[in-house]
Amino acid sequence: MTDPTRYAIPASVPRSTPPSAPRGRLAEWMLANRVQPEGPQSSEGNRDTHAWWKVMCLTGVDYFSTLSYLPAIAALAAGALSPLATLLIVALTLVGMLPMYRRVAKESPHGQGSVAMLERLLPFWRGKIFVLVLLGFVATSWIITITLSSADATVHLVENPYAPAFLHGQEVLITVLLLVVLGGVFLLGFSEAVNVAIPLVAIFLALNAIVIGAGVAEIVRDPSRLADWTQAFAAAGSGFGGIFGPAVIAFPLLVLGLSGFETGVSMMPLISARGATEEERLENRMRNTRKLLTAAAIIMSVYLIASSLVTTVLIPAEEYQQGGGANGRALAYLAHDLLGEGFGTVYDISSVLILWFAGASAMAGLINIVPRYLPSYGMAPDWSRAVRPVVLVYTGVSILITIGFRADVDAQAGAYATGILAMMVSGSVAVTIAALRAHRRRSGIAFAVLTAVLLYALLANVVEKPDGIAISALFIGGIIVISLISRVTRTTELRADRVEFDDEARRFITDSLRRDNTLHVIANKRQAGDTDEYSEKEFRQRDMNPVPASTDVLFLEIDVVDPSAFAGVLTVRGVEVDGYRILRADSAAAPNAIAEILLALRDATGVRPHCYFEWSEGNPIGHLMRYLLLGTGDTPPVVREIIREVEPDPSRRPGIHVGG
């Protein structure tokens with residue numbers, strides 16, 4: 001048996017030109033924190049993690065902040081029946097959404113969410129395009145969450161009775177300033193964002209509990225208000241259809257109160273976990289994520305039911321109309337009405353802060369999901385894995401959208417609803433398919449019913465506000481165009497993180513070097529893979545290319561397995577066919593793999609290898625398109641260009657010889 005320590009090449013060779021280190025303190029600071037594609041275990045040392053309840057607060061700034069406007073939406077849409085409509089949402093939360101996202105957390109434990117589950121269903125480019133469409137909806141919902149929440153915070157600010165008069169008419173400027181401060185918090189780091197979220201959520205929930213408690217006390221003090229509501233409830237409709245019809249109609253609007261689940265799953269990498277092994281830590285993180293989802297759902301359900309009841313009973317219906325004091329701010333109205341202007345102002349300040357910081361939840365979701373896909377697909381520059389540069393990008397986009405919509409909450413509502421509902425539908429579809437594939441028929445049927453309910457809500461929203469799907473389409477189109485441009489510009493990059501050689505491949509290389517201390521490699525596109533093929537290939541290459549007559553040769557073959565992939569580890573296997581020795585590897589693109597293997601041979605052995613090709617027949621434009629889409633084409637010129645870009649010294653470049 002051959003001693004592996006005597007091989008001329010190690011088992012693993014790092015990339016020939018590792019990514020350049022950032023120059024300067026500013027660049028180093030900007031690129032310090034990076035999102036890794038493989039999940040939290042790959043970056044535990046680079047990112048702080050937190051207890052699940054702390055991360056719940058970061059999720060909750062979006063989820064819980066809907067208490068600022070959801071009771072008003074319910075009352076405006078369903079009138080006296082709004083508690084019933086709210087009860088439907090609570091039932092959907094506890095019976096449908098919570099089990100669904102607990103399953104999503106289990107199926108995508110690295111925080112990729114339902115996108116990762118659906119990605120596995122479609123291979124090659126179909127899967128990539130499908131993910132880009134889903135990411136378009138993700139970007140729509142979370143970017144609009146950032147802009148809409150900040151705009152809503154501005155509304156609460158300027159409508160406070162103590163607000164200076166000069167603030168009216170300055171909504172766009174105020175919202176932009178809120179977005180800039182939000183981006184600044186994330187530039188400091190995730191820990192700072194979590195630390196800000198904890199007191200905001202605690203104070204906001206405490207103030208809401210006081211307002212709801214005061215409302216219950218008022219109902220107990222004056223039972224006639226409850227009697228008036230029961231009469232209005234009875235007058236609102238009779239029979240099953242009369243009672244549940246308005247509630248069902250209002251249902252699509254209230255589904256927006258469920259927006260925190262997807263962000264909760266996306267933040268799994270931020271949740272601390274215990275365990276002696278990587279698997280134990282991952283399992284513990286999944287359990288902690290389920291605790292986060294369950295606690296958030298229960299807290300929100302209690303607050304929703306209680307707030308809907310007291311606001312519907314105590315606030316006159318006309319106050320919910322446009323221009324009314326409770327329009328979009330029912331609990332704030334009660335805070336001022338029941339507890340005085342001083343407490344009401346404190347409540348308004350808390351609402352402004354949590355609505356402003358609700359964008360933090362969406363920002364964290366975007367940071368944790370999008371960089372896990374686009375750079376790995378080659379559809380974004382590698383620096384887009386770094387947290388701080390993408391925070392600047394998202395903040396800039398949010399500012400442009402705010403200016404474009406003039407900080408109008410209603411104008412953004414359609415896109416907000418469309419994006420969130422599309423994410424929920426994708427999640428329900430993913431868990432339905434997962435349940436059916438696991439032969440859990442009852443769960444599959446239950447999740448299929450949930451899918452139908454959410455799809456109804458999505459279609460109803462699209463019919464009611466078609467501008468939402470148009471805005472989502474712009475996001476999707478922008479992501480696809482930018483991604484494809486990036487993919488084209490990165491085609492000549494070295495893609496593999498490292499090149500690994502098995503023992504047989506190492507033996508072939510070692511034996512070839514021992515014969516004459518040279519490496520001559522013949523590139524071959526395997527057909528039959530038999531003795532005749534290799535014999536004929538060697539004869540033709542020696543005839544058309546300057547292969548020394550007495551030198552030893554190795555064959556190099558690349559099997560393109562998934563041309564839509566981009567990066568990864570390149571594994572080279574040694575295969576022998578009747579004395580002909582072949583180095584084989586699977587890759588997304590043949591030219592890149594060949595260049596990487598040749599450079600690895602040079603770096604590991606110190607010998608400049610020579611590689612021999614034949615010219616390909618056909619139109620050069622056709623070859624280019626085949627290379628971009630299928631990973632093959634006219635390989636020799638692309639191999640040489642990749643090597644030329646990597647190695648500036650011509651004397652150190654592996655030799656590329658083409659004949660025919």
Side-chain angles (χ1 to χ4, degrees), residues 15-17 125 377-379 381 484-496 499 518-527 533 536-548 553-568 570 572 582-603 607-660:
R15 180 185 295 187
S16 181
T17 54
W125 284 109
Y377 292 175
M379 293 179 171
L484 293 179
I485 291 174
S486 176
R487 178 74 183 233
V488 170
T489 59
R490 296 187 66 188
T491 52
T492 56
E493 289 184 10
L494 294 182
R495 301 185 182 184
V499 181
T518 62
L519 286 174
H520 295 271
V521 180
I522 296 175
N524 181 50
K525 185 176 181 180
R526 187 168 76 258
Q527 305 297 324
E533 177 180 341
E536 182 181 354
K537 185 75 173 184
E538 181 179 357
F539 176 79
R540 289 206 314 272
Q541 285 295 331
R542 289 187 184 277
D543 180 60
M544 70 177 64
N545 274 317
V547 183
V553 296
L554 299 174
F555 290 88
L556 177 58
E557 297 176 345
I558 306 299
D559 294 324
V560 177
V561 290
D562 181 2
S564 66
F566 189 79
L570 188 61
V572 180
I582 305 107
L583 304 178
R584 285 181 185 168
D586 296 334
S587 177
N592 304 73
I594 293 173
E596 284 162 332
I597 292 171
L598 293 176
L599 289 167
L601 291 174
R602 181 204 67 180
D603 295 342
V607 174
R608 178 173 174 251
H610 291 262
C611 192
Y612 303 92
F613 298 84
E614 292 183 38
W615 288 113
S616 300
E617 302 289 338
N619 189 294
I621 302 299
H623 285 307
L624 174 62
M625 295 306 298
R626 279 194 293 273
Y627 168 58
L628 293 176
L629 296 176
L630 303 177
T632 61
D634 196 5
T635 300
V638 182
V639 173
R640 185 188 182 282
E641 179 60 20
I642 294 171
I643 292 174
R644 187 191 67 81
E645 290 188 4
V646 171
E647 178 51 70
D649 184 358
S651 65
R652 297 193 69 246
R653 294 172 189 163
I656 303 298
H657 309 275
V658 190

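For clarity, every value in this text was computed on a predicted model and none was experimentally measured. The first residue of the sequence shown is numbered 1, and numbering continues consecutively from there.
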#### Entry: Pairwise side-chain contact, T635 with K525, heavy-atom cut-off 4.5 Å (strictly under)
no

### Message
As an exercise, state the distance from CD1 of I642 to CG of N592, rounded to the nearest 0.5 Å.
### Response
3.5 Å

#### Entry: Straight-line distance of F555 CZ to Q541 CD, nearest 0.5 Å
8.5 Å

### Task
Could you list the residues that satisfy salt bridge (charged side-chain N to carboxylate O under 4.0 Å, His left out) with R653, not counting sequence neighbours?
none

### Task
Using salt bridge (charged side-chain N to carboxylate O under 4.0 Å, His left out) as the criterion, list what pairs up with E538, not counting sequence neighbours.
R542

### Query
Can you name the salt bridge (charged side-chain N to carboxylate O under 4.0 Å, His left out) partners of R526, sequence neighbours left out?
E557, D559

## Note on the structure
Sorted by chain and residue number, the side-chain contact (heavy atoms from CB on, under 4.5 Å) partners of D649 (sequence neighbours excluded) come out as E647, S651, R652

#### Entry: Which residues share a side-chain contact (heavy atoms from CB on, under 4.5 Å) with E536, sequence neighbours left out
R540

### Task
Determine the minimum heavy-atom distance between H520 and P548, stating which atoms define it.
CE1-CD, 3.7 Å

### Non-neighbouring partners of P609 that pass side-chain contact (heavy atoms from CB on, under 4.5 Å), sequence neighbours left out
L519, L598, L601, R602, P654

## Note on the structure
Residue set satisfying side-chain contact (heavy atoms from CB on, under 4.5 Å) with A585, at least two apart, ordered chain then number -> I558, L570, V572, I597

### Task
Kindly state each residue pair satisfying salt bridge (charged side-chain N to carboxylate O under 4.0 Å, His left out) with at least one member in residues 586-598, sequence neighbours excluded.
R573-D586

### Message
Please find the pair of heavy atoms, one from N545 and one from V658, that lie closest to each other, and give the distance.
### Response
OD1-C, 3.3 Å

### Query
Under 4.5 Å between any side-chain heavy atoms of E614 and K537, yes or no?
yes

### Message
Show the nearest heavy-atom pair for residues P650 and P648, with the distance to one decimal.
### Response
CD-O, 3.2 Å

### Message
As an exercise, state the distance from CG of N524 to CD of E533, rounded to the nearest 0.5 Å.
### Response
5.0 Å

### Message
In the structure I gave you, are the side-chain heavy atoms of R15 and R495 within less than 4.5 Å of one another anywhere?
### Response
no

### Task
For residues T518 and V607, report the shortest heavy-atom separation together with the two atoms involved.
CA-CG1, 4.1 Å

### Rounded distance [0.5 Å steps], CD1 in I522 versus CG in L583
11.5 Å

#### Entry: P637 side chain reached by F613 side chain, heavy atoms, under 4.5 Å
no

### Task
Report the residues that fulfil salt bridge (charged side-chain N to carboxylate O under 4.0 Å, His left out) with E641, sequence neighbours left out, ordered by chain and then residue number.
R644

